[in-house]
Chemist: 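First the structure, which I've put down as structure tokens, then a few questions once you've had a look.
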Protein chains: 2
Amino acid sequence: MDKMRENKDLSFDFDFLDNLVVGIGEVAQITSIPTRQIRYWEDKGIITSLTEEEGKNRRYDYKNIKKMLLIKELLDEGYTLDASAEKVKKRMEIIEETLNKLKKGSR
Amino acid sequence: MDKMRENKDLSFDFDFLDNLVVGIGEVAQITSIPTRQIRYWEDKGIITSLTEEEGKNRRYDYKNIKKMLLIKELLDEGYTLDASAEKVKKRMEIIEETLNKLKKGSR
DNA sequence: ATCCATTTTGTAAATTATTTACAATGATTG
DNA sequence: CAATCATTGTAAATAATTTACAAAATGGAT
């Protein structure tokens, strides 16, 4: 197995991140943000989940998990929730751009 | 926001993958492998989950999800389950090596 | 075809985890 | 202190998972 294969497998595993969905419990585990807080942020419209129907369990994609992590950082720095959310918007745009570039590059 | 930041954020988001844990339902959704089949593979010892205690829900890390995807490919190619598992071992070693390299590189 | 091991799939009962909604508790600022 | 913001608590209902036992497919060997 050579560098080419290794590269294909891992070097930015975009395909993987693109298909990723994670439940709220695991997001809490990953981010150390309590489920209760995640739901609150979602109620406020700061993040969005991929819930198929009312009552079904929430699913979060890479983008939103990333967003939570960034917001958490800013909160720790002392920003308010709204200010953090606003600040994160710009970085999210860049992240999305990058993801789209990689998406195109991978086919 | 510049290329440096973009790079830091995304270009192989190793930190993210390193902390990732996913429940069996979402793994099924991601990989298109039925939960029942995932449990069977685990019973056989082909994959492993990070279950804290008996009875608690299974959690899978990036490595094992990756493994399932590789095994699934080989099954589709006609290999038996055991043969697939054996064949995947080698590629998993490479993946782990790469992850370890990135781990060291990221600190 | 039959046997045999492998692999997948089904299901029920018990358990774990999540949802929703209502509310209470801190924290911060004017 | 009042008022808004942000977090946290909780109970009842629902969704999802676990475990264990079992039944089908599948495929190869004799």
Side-chain angles (χ1 to χ4, degrees), chain A residues 19-62 64-65 67-89 92, chain B residues 19-62 64-65 67-89 92:
Chain A
N19 292 323
L20 188 66
V21 285
V22 184
I24 194 170
E26 293 95 54
V27 173
Q29 201 174 329
I30 295 165
T31 63
S32 301
I33 302 169
T35 61
R36 197 65 188 73
Q37 196 167 10
I38 294 172
R39 288 193 200 97
Y40 173 69
W41 292 1
E42 186 171 347
D43 285 344
K44 281 207 59 174
I46 291 174
I47 53 173
T48 54
S49 69
L50 317 161
T51 316
E52 299 165 5
E53 301 171 58
E54 168 113 357
K56 300 282 186 182
N57 289 10
R58 291 166 171 82
R59 294 285 149 94
Y60 297 97
D61 58 11
Y62 173 69
N64 276 279
I65 301 173
K67 197 169 182 178
M68 295 183 222
L69 287 167
L70 294 174
I71 288 176
K72 192 192 169 196
E73 276 183 30
L74 293 178
L75 283 180
D76 287 344
E77 285 179 25
Y79 289 96
T80 66
L81 183 54
D82 285 337
S84 300
E86 185 58 35
K87 225 166 151 48
V88 155
K89 263 189 191 170
M92 288 313 297
Chain B
N19 291 321
L20 188 67
V21 286
V22 185
I24 195 171
E26 292 95 55
V27 173
Q29 199 175 331
I30 294 166
T31 62
S32 301
I33 302 169
T35 60
R36 197 65 188 71
Q37 197 167 8
I38 294 172
R39 288 194 200 96
Y40 174 67
W41 291 2
E42 185 171 345
D43 286 343
K44 281 206 61 176
I46 291 174
I47 53 173
T48 54
S49 68
L50 317 161
T51 316
E52 299 164 3
E53 301 171 56
E54 170 114 354
K56 299 284 184 182
N57 290 8
R58 290 167 172 81
R59 295 283 148 97
Y60 297 97
D61 59 11
Y62 174 70
N64 276 279
I65 301 172
K67 198 168 181 179
M68 295 184 221
L69 286 168
L70 293 174
I71 288 176
K72 193 193 169 195
E73 276 183 31
L74 293 177
L75 283 179
D76 288 343
E77 286 179 26
Y79 289 97
T80 66
L81 182 56
D82 286 336
S84 301
E86 185 57 36
K87 223 167 150 50
V88 155
K89 263 189 191 170
M92 288 312 298

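Numbers restart at 1 for each chain; the letters A, B, ... are given by sequence-line order, proteins then strands. Scope of the values below: all heavy atoms of this structure, side chains included, with no hydrogens, waters or symmetry mates.
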Chemist: Rounding to a whole Å, what distance do you find between B:N57:CG and C:dT18:P?
Modeler: 8 Å
Chemist: Going from CG on A:D61 to CD1 on A:I47, what distance comes out if it is rounded to the nearest 0.5 angstrom?
Modeler: 10.0 Å
Chemist: Closest nucleotide of DNA chain C for B:R36 versus for A:R59: which of these residues is on the 5' side?
Modeler: B:R36
Chemist: Counting just side-chain N and O atoms, does B:Q37 come under 4.0 Å of either OP1 or OP2 of C:dT7?
Modeler: no
Chemist: Distance from A:I33 atom CD1 to A:I24 atom CD1, nearest 0.5 Å?
Modeler: 10.0 Å
Chemist: Under 3.5 Å, side chain of B:K67 to main-chain N/O of B:I46, donor-acceptor pair present?
Modeler: yes
Chemist: Restricting to pairs with a member in residues 34-48 of chain B, which pass salt bridge (Lys or Arg N to Asp or Glu O under 4.0 Å), not counting sequence neighbours?
Modeler: B:E42-B:R58, B:K44-B:D82
Chemist: Base, sugar-phosphate, or nothing: which does B:R39 touch, judged by heavy atoms less than 4.0 Å apart?
Modeler: base
Chemist: May I have the distance from B:I24 (atom CD1) to C:dT16 (atom P), rounded to whole angstrom?
Modeler: 17 Å
Chemist: Output the single nucleotide from C:dT16, C:dT19, C:dT7 whose closest atom is nearest the side chain of B:Y40.
Modeler: C:dT7
Chemist: Taking salt bridge (charged side-chain N to carboxylate O under 4.0 Å, His left out) as the definition, give me every residue that meets it alongside B:K56, ordered by chain and number, with sequence neighbours left out.
Modeler: none
Chemist: Using the side-chain contact (heavy atoms from CB on, under 4.5 Å) criterion, which residues pair with A:K87? Sequence neighbours excluded.
Modeler: A:L74, A:Y79
Chemist: Give me the first and last nucleotide of DNA chain D, going 5' to 3', that has any atom under 4.0 Å from a heavy atom of chain B.
Modeler: D:dT17 to D:dA22
Chemist: Looking at every strand, decide which applies to A:T35 at a 4.0 Å heavy-atom threshold: base, sugar-phosphate, or nothing.
Modeler: nothing
Chemist: Quantified as the angle between the terminal helix axes (five pairs each), what is the overall bend of the helix from C:dA1-D:dT30 to C:dG30-D:dC1 to 10 degrees?
Modeler: 40°
Chemist: Applying a 4.0 Å non-hydrogen cut-off, can you work out what B:L75 is touching in the nucleic acid: base, sugar-phosphate, or nothing?
Modeler: sugar-phosphate
Chemist: Under 3.5 Å, side chain of A:N19 to main-chain N/O of B:I30, donor-acceptor pair present?
Modeler: no
Chemist: Nearest 0.5 Å please: distance from the OG atom of B:S32 over to the CG atom of B:L69.
Modeler: 9.0 Å
Chemist: Quick one: salt bridge (charged side-chain N to carboxylate O under 4.0 Å, His left out) partners of B:E73, sequence neighbours excluded?
Modeler: none
